[in-house]
Amino acid sequence: MDDFVSLLLSKNGKALTSAEKSVQSHMMAFAAEESRLNNVIVNMKEFYAKF
């Protein structure tokens with residue numbers, strides 16, 4: 001979090017990860033929760049297509 005705030009304040013910092021990687025990791029977490037709640041295997045291509 002400190003790195004993120006520093007990046008926003010300085011406007012010339014370097015992020016530790018890309019927005020794309022961040023979205024991917026969040027989608028994996030949401031798919032894992034979908035799988036857990038519904039006891040199913042989640043196809044990531046289909047899951048992405050929903051959104």
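The structure presented is a predicted model; accordingly, all values stated were derived computationally and were not measured.
Shortest non-hydrogen contact noted between His26 and Ser22 is ND1-O, 2.8 Å. Closest non-hydrogen pair, Lys50 versus Glu34, comes out as NZ-OE2, 4.1 Å.
With a 4.5 Å cut-off on side-chain heavy atoms, Tyr48 and Gln24 count as touching.
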Between Phe30 and Phe51, does a side-chain contact (heavy atoms from CB on, under 4.5 Å) hold up when you go through it step by step?
CA-CA 12 Å; Phe30 295 142; Phe51 302 97; over 6 Å; no

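Judged by distance alone, with hydrogens and angles left aside, the side-chain atoms of Asn38 form no donor-acceptor pair with the main-chain N or O of Val40 at under 3.5 Å.
Counting non-hydrogen atoms of other residues, nucleotides and ligands closer than 6.0 Å to CD1 of Ile41 gives a total of 12 or fewer.
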